[in-house]
There are 2 protein chains.
Amino acid sequence: MMEQKLYELHSQMCRVFTSPKRLEILNLLRDKELSVGELEKLVKFRQANLSQHLSILREKGIVKTRRDGTTIYYSLVDTKIGKAFDIMREMLLERLAQTEKLSRDIRKIKRA
Amino acid sequence: MMEQKLYELHSQMCRVFTSPKRLEILNLLRDKELSVGELEKLVKFRQANLSQHLSILREKGIVKTRRDGTTIYYSLVDTKIGKAFDIMREMLLERLAQTEKLSRDIRKIKRA
DNA sequence: TTCAAATATTAGCATATATGAATATTCCTG
DNA sequence: CAGGAATATTCATATATGCTAATATTTGAA
């Protein structure tokens, strides 16, 4: 079915979000464009590795670039990325809250 | 920073969506619970492989199970999953439309 | 045209992931 | 409690991914 192709493409796109480093980059680019150099200062990993991740984000069409001299600025192609990011993080935080609650309950039971 | 831990967990959660098969399963479970057997009929891959993917979804806390006799029913833990799914697919479809448009434009230029 | 700054790419290795085949577990029924 | 149906797990292997280190490319300016 055609549907299978969509699942395939969909999963390809989601691969972009499976790296903490790429998530950090995307979060930094959320509302402004940044040059590679600016990103490099904000982030804890090496320039080459940063470039590799930016390259992946480019290939997948998640970010776009603008050149000014030797400086290259990166920005998001689609602000929906931010929404997707937020929904995931909400789910994550809810889950963490649950886990917290769970471990509090367990402590309560143990004391009883 | 604490933030790094969140990116790590966030990326872990996103890994769940990097398999077309898991996306298909999640889409089937979107609004109803289904047993493994029912899923097996709706899907084109083997039972063992289906179980493997369900196991991954369970581990990550994306789906929950209910047992009735030997039958096990699966359902989504959080309906936000559906929203996340939709946002991704919207982005995907927009991109495909763009690409379509692009290739139409190219054909137009070639004809001119 | 040469140099340095900014960014990108490649190669090699280590780790993670997906799959099929085989096997195990759980639970109901007779 | 033996057998069968439903589901899960394990193992081996193939493929993909991420990282570092080294190197390349592009561009502006002297």
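Here is the naming used below: chain letters follow the sequence lines, and residue numbers restart at 1 for every chain.
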Ignoring hydrogens and angles, tell me if any N or O in the side chain of B:E94 forms a donor-acceptor pair with the backbone of B:M91 under 3.5 Å.
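Checking the backbone N and O of B:M91 against the side chain of B:E94, no donor-acceptor pair under 3.5 Å is found.
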Within 6.0 Å of NZ in B:K41, more than 12 heavy atoms from elsewhere: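 No, because the 6.0 Å sphere around NZ of B:K41 holds 12 heavy atoms or fewer from other groups.
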Please indicate whether A:K83 has more than 12 foreign heavy atoms, meaning atoms of other residues, nucleotides or ligands, lying under 6.0 Å from its NZ.
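Not more than 12 within 6.0 Å, no.
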* Which residues, if any, of residues 26-35 of chain A bring a heavy atom under 4.0 Å of DNA chain D? ->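 DNA chain D contact set from residues 26-35 of chain A: none.
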Between A:Q12 and B:Y74, who's closer to the 5' end of DNA chain D by nearest nucleotide?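 Final value for this comparison: B:Y74.
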Any side-chain N or O of A:R58 below 4.0 angstrom from OP1/OP2 of C:dT9?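 A:R58 to C:dT9 OP1/OP2: side-chain N or O found under 4.0 Å.
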Any side-chain N or O of B:R22 below 4.0 angstrom from OP1/OP2 of C:dA18?
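For C:dA18, OP1 or OP2 has a side-chain N or O of B:R22 closer than 4.0 Å.
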(message) Here's one to test your reading of the geometry: is the NZ or CZ of B:K64 within 45 degrees of the ring axis of B:Y74 and under 6.0 Å from its centre?
(response)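 That pair does not qualify as a cation-pi contact.
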Ring-face cation of B:R22 near A:Y7 (centre distance under 6.0 Å, axis angle within 45°)
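Negative - B:R22 is either too far from the ring of A:Y7 or too far off its axis.
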### Query
In chain order, what residues pass the salt bridge (charged side-chain N to carboxylate O under 4.0 Å, His left out) check against B:R46, with sequence neighbours excluded?
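With sequence neighbours excluded, B:R46 shows a salt bridge (charged side-chain N to carboxylate O under 4.0 Å, His left out) to no residue whatsoever.
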With sugar-phosphate taken as primed atoms, P, OP1 and OP2 and all else as base, the protein-contact string of nucleotides 20-28 of chain C at under 4.0 Å (heavy atoms; B, S, -) is BBB---SBS
Nearest-angstrom distance from the residue atom [atom1] of [X] to [atom2] of [N]:
| X | N | atom1 | atom2 | result |
| --- | --- | --- | --- | --- |
| A:H53 | C:dA8 | NE2 | C1' | 14 Å |
| A:E38 | C:dA5 | CD | P | 18 Å |
| B:I72 | D:dA5 | CD1 | P | 17 Å |
| A:E8 | D:dA16 | CD | C1' | 13 Å |
| B:R66 | D:dA6 | CZ | P | 16 Å |
| B:L54 | C:dA18 | CG | C1' | 15 Å |
| B:E59 | D:dT9 | CD | P | 8 Å |
| A:Y73 | C:dA6 | OH | C1' | 11 Å |

Test log, rule ring pair (Phe, Tyr, Trp, His ring centres under 6.0 Å), inputs B:H10 and A:F17: CA-CA 8 Å; B:H10 189 148; A:F17 306 113; 7.7 Å; no
Taking any heavy-atom pair under 4.0 Å as a contact, classify A:S51: base, sugar-phosphate, or nothing.
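Base contact.
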CA sep, side-chain torsions, deciding dist, call: B:E8, B:Q12, side chain to side chain donor-acceptor pair (under 3.5 Å): CA-CA 6 Å; B:E8 183 60 42; B:Q12 293 295 333; 2.9 Å; yes
Handout entry: Modelled atom types, side-chain donor and acceptor of B:E24 and B:N27, under 3.5 Å
Key =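 There is no such pair between these side chains.
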